[in-house]
There are 2 protein chains.
Amino acid sequence: MSQTVDRALSILPLLAEGPADLGQVADRLGVHKSTALRLLRTLHEHGFVYRQTDQRYRLGARLFALAQEAVENLDVREIAHPHLVRLNEECGHTVHLAVYEENEVLYIDKVESRYPVRMYSRIGKPVAITVAAVAKLLLADLPEDERRAVAEKLDYPTYTSRSTPNAAAFLKELAKVREQGWATDLGGHEESINCVAAPIRGTDGRVVAAMSVSAPNVVVTADELLTLLPLVRRTADAVSREYSGRTPATPEQDTGSTGT
Amino acid sequence: MSQTVDRALSILPLLAEGPADLGQVADRLGVHKSTALRLLRTLHEHGFVYRQTDQRYRLGARLFALAQEAVENLDVREIAHPHLVRLNEECGHTVHLAVYEENEVLYIDKVESRYPVRMYSRIGKPVAITVAAVAKLLLADLPEDERRAVAEKLDYPTYTSRSTPNAAAFLKELAKVREQGWATDLGGHEESINCVAAPIRGTDGRVVAAMSVSAPNVVVTADELLTLLPLVRRTADAVSREYSGRTPATPEQDTGSTGT
DNA sequence: CAGTTGCGTTGCATGCTCTGCAACACTCAT
DNA sequence: ATGAGTGTTGCAGAGCATGCAACGCAACTG
């Protein structure tokens, strides 16, 4: 819609592949060197690109700062975080929080047993959308037509023999997940890793996020992990209540409606 | 330099503070709504902003993905090299930079000693992992289970009488290194060569590389070499800061912990 | 229910601002 | 020294962004 901005923004993914000099940037953009220079300068002033000592351009620190701020400003994340920590303390395994956005599912928080807090580096990484338990929950809640559109547009990489093979199988799985209100990934992404997940819902009942517990086979079997399901669901429900109620300082004590 | 791009980029920090609707964005930019709309659309096409269900704009997923890629492409060596050179100029000894990768520790950079007697090492060559100071730092930062797995899998060649004899001794040493934040190798690899090392850490605090100063006994005693420790640590910290994204032009902030 | 207010959206004419060119400055290697 | 390869600057022309005003739409409100 805006040519200049369009070109400027196209520089960033280009630099994400690795440092590049002025000529390379100009070539890949299909513009004159001087044009590329102006764009890079503007990006530089805003800290989005950084000029290293050999004069080549790199992505700048501002990007990290922004990504970090953005992640910290997510309401769900803020509300959910203490719950994730508590869940981690109770079961000891890795706990993830993820949201859906524009055909992607992203981890926005993570608690590992050995790294108590902030592993920002991994947060923000797109999830293996066709197999991850959290992805199933988030996609299963999309409107029917959109869900099908997305499912048909996806690639279905064969991570393992248990990976979702195609759109049909995926849609069937999503229907099941939608029905039962929770999801699993049993070795679909990495052979030895299992995962159970539960949805976090907003006031209108729509799934705004999903949380999961992951553990390798060598620690607990899939069956043992499944015994954690009630705990995961209770935690997710607690987050849902707090998120819907908007009562950050007033923990609600009411109903233990663990649902079906 | 480029007005349009300048305005578009100004939107991002603005959205980092929290979601905003079209009117707010236009106001804060000082432009007409329609102008803000075009800019936001362009940002949206590139995935830098996301439109939530209430039509307000948020920072988008692409930012996270970019930040993620940028982190992975950060070239430690490129950033560290000038620091290594300076360190070498100040102390005169051989300076190494090493990273851990797939059960191996590799030298990825080296600045030769100015003294005639040099130790043998080669960039890209695996380090004597059970004794080298840099290896201790890199392994000490691994997750506990992985650390133990690696330690148990290793061979413990007796290079000298002071070489690490077995996995138990190695793990004990790693614990100590992890605790104190630096490491030494006093004649563990070659009888007459000593070595002090300090870690380089990324934004998340994990050790991404380690650097060391090595010198033979005939030039300086082990005790003399140890007096260089503060200098090595300061240098490593400087690299960590720059690697983490702080601009190198930033006015110096006193670490205060400088002995001599 | 009609009127009203507030929002996002669209087409269009104006002219600002971005563009490509060409010449210059600079470093490095021959 | 001379050349090739960079990054940089000034300039004129026009492409493209801009603001305006009108429209569609939803949510309030009397």
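Here is how names work: the chains are called A, B, and so on, in the same order as the sequence lines, proteins then strands, and each is numbered from 1.
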Which nucleotide in the list D/dG19, C/dG8, C/dG20 gets nearest to the side chain of A/Thr35?
-> C/dG20
Residues which pass side-chain contact (heavy atoms from CB on, under 4.5 Å) with A/Asn103, listed by chain and number, not counting sequence neighbours | A/Tyr100, A/Val150, A/Lys153
Might you list the N or O atoms of the protein lying below 3.5 Å from N or O atoms in nucleotides 25-30 of chain C, with each pair's distance?
none

Output all residues satisfying ring-ring contact (aromatic ring centres under 6.0 Å, His included) with A/Phe170, sequence neighbours left out; order by chain, then residue number.
-> A/Tyr156
Rounding to a whole Å, what distance do you find between B/Lys33:NZ and D/dA21:P?
-> 12 Å
Tell me, please, which residues at least two apart from A/Val99 pass side-chain contact (heavy atoms from CB on, under 4.5 Å).
-> A/Ile108, A/Ala209
Scan nucleotides 9-14 of chain D against the protein and return all N/O pairs shorter than 3.5 Å with their distances rounded to 0.1 Å.
residue	atom	partner	partner atom	Å
D/dT9	OP2	A/Arg41	NH2	2.5

Do the charged groups of B/Arg234 and B/Glu90 touch, with an N to O distance under 4.0 Å?
-> no
Side-chain contact test, heavy atoms from C-beta onward, threshold under 4.5 Å: evaluate it for A/Leu12 versus B/Phe48 and give yes or no.
-> yes
Give the nucleotide from the list D/dG19, D/dT8, C/dT9 with an atom nearest to the side chain of B/Leu22.
-> C/dT9
Of C/dG8, C/dT19, D/dT8, the nucleotide closest to the side chain of A/Leu39 is C/dT19
Looking at DNA chain D, which of residues 3-15 of chain B put a heavy atom within less than 4.0 Å of it?
-> B/Thr4, B/Arg7
